[in-house]
Amino acid sequence: EVSNGNYRTDDVVVEVTEEPSAASHDEVFLSYMSNVRTKYSTIKTLLYNDQPKPFYDFYVCNNITWRERVEGQLSEISRFIFITGAGGLGKSMMMRHLLLNSIDNYKEFKLIPVFISLKDFDNTSGKLFDYIFTKIGDFDSEITKADFAHALAAGRCLLLFDGLDEIGMNNVGFFERQLSSFTDRFPANCYVISSRPYQSFVSFERFSVLRLLPFSLDQALHLVDNLD
């Protein structure tokens with residue numbers, strides 16, 4: 001266990017003593033979540049490439065299918081979700097939506113979201129803990145590895161891994177091993193991975209595979225209206 005002991009990362013041993021309260025997590029990660037929201041709440045598009053526009057001014061959420069069309073929260077299916085779909089369907093937009101939705105509804109869900117782009121992940125990235133922590137540090141340098149380890153031990157994180165298919169073929173096996181070890185150590189958190197149709201889902205034993213659907217006619221017309 002991480003609590004009441006030590007957790008080793010690539011370069012340090014994180015000493016974890018007593019479990020902080022939920023209120024402590026709120027205080028530690030509040031600035032981080034505010035900074036994340038500031039970055040991801042606006043976006044440039046091909047139509048609006050001169051100035052960022054509010055994300056939800058034009059975002060339309062795709063339907064997702066599992067055994068049937070998914071309604072409600074993904075966590076009702078599993079804490080381990082794999083979202084797959086063809087290129088251009090909006091997987092990264094969906095991940096951004098999950099990120100912002102988690103922040104906007106933090107009082108209800110109590111999950112600290114971390115958006116982790118995988119396009120730069122390779123065999124030199126080190127342990128997955130350290131790679132993810134760098135994404136947090138980009139938005140708040142005051143958060144320590146011990147703070148992050150505490151949040152993970154308490155099951156308070158939503159980890160959004162975007163673009164598994166963008167990892168080079170020579171590095172995929174390394175990522176799979178790192179993810180397996182990480183989820184074994186921190187199973188109480190929520191994990192979402194996005195990817196184009198993948199070569200094999202067998203390696204992701206914990207994960208339920210959901211498929212992102214193309215827009216319906218109504219959704220496509222809604223998007224066009226939003227872009228006007």
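Ser216 meets the side chain to side chain donor-acceptor pair (under 3.5 Å) test with Gln219; sequence neighbours excluded. Asn123 is linked by a side chain to side chain donor-acceptor pair (under 3.5 Å) to Asn171, counting only residues two or more places apart in sequence or in another chain. The ring pair (Phe, Tyr, Trp, His ring centres under 6.0 Å) check on Phe174 picks up Phe121, with sequence neighbours excluded. In this structure Ser34 satisfies the side-chain contact (heavy atoms from CB on, under 4.5 Å) test with no other residue, sequence neighbours excluded. Take Asp122 and apply the salt bridge (Lys or Arg N to Asp or Glu O under 4.0 Å) test, not counting sequence neighbours, and it matches no residue. Residues satisfying the side chain to side chain donor-acceptor pair (under 3.5 Å) criterion with Thr144, sequence neighbours excluded, are Asp147. Phe109 is linked by a ring pair (Phe, Tyr, Trp, His ring centres under 6.0 Å) to nothing, counting only residues two or more places apart in sequence or in another chain. Shown here are the salt bridge (Lys or Arg N to Asp or Glu O under 4.0 Å) partners of Asp165, two or more places apart in sequence or in another chain: Arg196. Remark: Lys39 engages Phe139 in a side-chain contact (heavy atoms from CB on, under 4.5 Å) (not counting sequence neighbours). Legend: residues meeting side chain to side chain donor-acceptor pair (under 3.5 Å) with Thr38, ordered by chain and number and at least two apart, are absent.
Aromatic ring orientation, Tyr32 versus Phe29: perpendicular (interplanar angle above 60°, classes split at 30° and 60°). Taking the six-membered ring for Trp and thresholds of 30 and 60 degrees, Phe204 and Phe175 have ring planes inclined between 30 and 60 degrees apart.
The backbone N or O of Leu99 lies less than 3.5 Å from no partner atom in the side chain of Ser102, so there is not a single donor-acceptor pair. A donor-acceptor distance shorter than 3.5 angstrom exists from the side chain of Ser194 to the backbone of Gly163, with no hydrogens or angles considered. In this structure, the side chain of Arg37 does not engage the main chain of Asp104 through any donor-acceptor pair within 3.5 Å. In terms of modelled atom types and a separation under 3.5 Å, the side chain of Asn189 and the main chain of Cys157 share a donor-acceptor contact. Judged purely by atom type and a 3.5 angstrom limit, Arg156 has no side-chain atom pairing as donor or acceptor with the backbone of Ile112.
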Evaluate the criterion side chain to side chain contact (heavy atoms under 4.5 Å, CB included) for residue pair His222 and Phe215; output intermediate values, then yes/no.
-> CA-CA 10 Å; His222 186 190; Phe215 280 156; over 6 Å; no

Take Leu179 and Phe207, measure what side chain to side chain contact (heavy atoms under 4.5 Å, CB included) needs, and give me the verdict at the end.
-> CA-CA 11 Å; Leu179 182 67; Phe207 287 78; 4.0 Å; yes

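Chaining together hydrophobic side chains whose heavy atoms lie under 4.5 Å apart places Leu217 alongside Leu221.
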Using atom types as modelled, flag every donor-acceptor pair under 3.5 Å from a side chain in residues 87-98 to any protein atom, sequence neighbours excluded.
from  : atom 1 : to     : atom 2 : distance (Å)
Lys91 : NZ     : Gly85  : O      : 3.0
Lys91 : NZ     : Ala86  : O      : 3.0
Ser92 : OG     : Asp162 : OD1    : 3.2
Ser92 : OG     : Asp162 : OD2    : 2.9
Arg96 : NH1    : Tyr40  : O      : 2.9
Arg96 : NH1    : Thr42  : O      : 3.1
His97 : ND1    : Tyr56  : OH     : 2.8

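For the atom pair CG of Leu164 and OG1 of Thr84, the computed distance is 9.5 Å after rounding to the nearest 0.5 Å.
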